[in-house]
Amino acid sequence: MSEREERAVKVFMEGFNCAQAVLTVFCEEYGLDELNALRIATPFGGGVAAQGNTCGAYNGGVMVIGLKEGRIQADDAEAKAKCYELVQRFTERFEEMNGCLVCSDLVGFDMTDEKARTEAVESGVLRIKCSGFVRSAVNILEEIL
C-alpha cells in the first residue's frame with residue numbers, strides 16, 4: 001500500500017466519507033486546499049448524500065482528475081478530451097477492481113434505507129469495504145495520473 005493510500009484510509013477511518021478521503025490526499029498537489037476539498041466532497045458520501053448511487057470513492061477520484069486535467073477555457077477541446085479519456089480509464093479500472101460503481105451494490109446494503117445504513121455502519125461493513133474502495137481509487141489515480 002502506498003503512503004497516499006494509507007493517508008486516504010486514515011482520513012476515511014477518522015470519520016470523513018470516501019470521497020473526502022480520496023480528494024484530500026491529492027487536492028493540494030493540484031491546487032485546492034484541504035478545507036475546501038473536504039467541503040466540496042462532503043455530499044458525495046454514501047453514493048451521493050446516502051442515496052446509494054455512484055460510489056463516493058469513485059466520485060472523489062473523478063474530482064481529482066478534474067483538478068489535474070480539467071479545462072479552464074471553454075474552447076479547450078484538447079483538455080476536455082484528455083480529462084474525459086482519463087475518467088474513462090479510471091472508470092474501467094475501478095469497475096475491474098470492484099465490480100461496479102453503485103454504492104449500494106458495492107457495500108451490499110440499501111443505502112437509502114436508514115435502518116440498513118445503520119446496520120452497515122454498526123456491523124463495520126462500511127469501514128471494511130469502503131476503505132478498500134478508497135484504496136483502489138487512490139491506487140488507480142497513482143497509476144494513471
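Predicted, not measured: the structure shown is a model, and the values here were computed from it.
- Side-chain contact between Met111 and Leu106 is absent, with no heavy-atom pair separated by less than 4.5 Å.
- Applying the ring pair (Phe, Tyr, Trp, His ring centres under 6.0 Å) test to residues at least two apart or on different chains, none of the pairs has a partner in residues 62-84.
- The side-chain hydrogen bond (donor to acceptor under 3.5 Å, both in side chains) pairs that include a residue from residues 43-65 are Tyr58-Thr91, where partners are two or more places apart or lie in different chains.
- Annotation for Ile40 and Leu32: closest pair CD1-CD2, 3.9 Å, computed over non-hydrogen atoms.
- Using a 4.5 Å heavy-atom threshold, the side chains of Glu85 and Glu69 count as separate.
- Residue pairs meeting the ring pair (Phe, Tyr, Trp, His ring centres under 6.0 Å) criterion with at least one partner in residues 118-145, sequence neighbours excluded, do not occur; the list is empty.
- Considering all non-hydrogen atoms of both residues, Cys18 and Gly56 come closest at SG-CA, 3.5 Å.
- A donor-acceptor pair under 3.5 Å is absent between the side-chain atoms of Arg71 and the main chain of Asp76, judged by distance alone.
- Closest approach of Phe94 to Ser136, counting heavy atoms only: CE1-OG, 3.7 Å.
- Between the Asn139 side chain and the Arg135 main chain, no donor and acceptor come within less than 3.5 Å of each other.
- Ser123 is linked by a side-chain hydrogen bond (donor to acceptor under 3.5 Å, both in side chains) to nothing, counting only residues two or more places apart in sequence or in another chain.
- Clustering of Ile, Leu, Val, Met, Phe, Trp and Tyr by side-chain heavy atoms under 4.5 Å joins Val11 with Phe16, Leu38.
- For the pair Glu96 and Arg93, the salt-bridge criterion is met [side-chain N within less than 4.0 Å of a carboxylate O].
- Both Val134 and Leu145 belong to a common hydrophobic cluster when Ile, Leu, Val, Met, Phe, Trp and Tyr are linked at side-chain heavy-atom distances under 4.5 angstrom.
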Practice problem: Determine, stepwise, if the pair Glu5 / Val9 fulfils side-chain contact (heavy atoms from CB on, under 4.5 Å). | Solution: CA-CA 6 Å; Glu5 286 175 72; Val9 169; 5.5 Å; no
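- Taking all atoms of both residues into account, the shortest heavy-atom contact from Ala19 to Asn17 is N-OD1, 2.9 Å.
- Within the model, atoms CZ of Arg127 and CZ of Phe12 stand 7.0 Å from one another, a figure rounded to the nearest 0.5 Å.
- Within a 6.0 Å radius of CD in Glu143, more than 12 heavy atoms belonging to other residues, nucleotides or ligands are found.
- When every heavy atom of Val107 is checked against every heavy atom of Lys129, the shortest pair comes out as O-NZ, 3.5 Å.
- Between Tyr30 and Phe26, the ring planes are parallel. Angles under 30° get that label, and only those over 60° would be called perpendicular.
- There is no path of hydrophobic side-chain contacts, each under 4.5 Å, that joins Val87 to Val102.
- Note: Arg7 CZ to Met1 CE = 13.0 Å, rounded to the nearest 0.5 Å.
- Atom CD of Glu6 and atom CD of Glu3 lie 7.5 Å apart (nearest 0.5 Å).
- Pairs of residues two or more places apart, or lying in two chains, that qualify as side-chain hydrogen bond (donor to acceptor under 3.5 Å, both in side chains) and include a residue from residues 102-119 are Asp110-Thr112.
- Using a 4.5 Å cut-off on side-chain heavy atoms (C-beta onward), Val25 and Val64 make no contact.
- Under the 4.0 Å criterion applied to side-chain N and carboxylate O atoms, Lys82 and Glu78 are not assigned as salt-bridge partners.
- In this structure, Ala41 and Leu23 approach most closely via the heavy-atom pair CB-CD2, 4.0 Å.
- Rounding to the nearest 0.5 Å gives a distance of 15.5 Å between NZ of Lys68 and SG of Cys27.
- Between the side chain of Arg4 and the main chain of Val138, no donor-acceptor pair closer than 3.5 Å is present.
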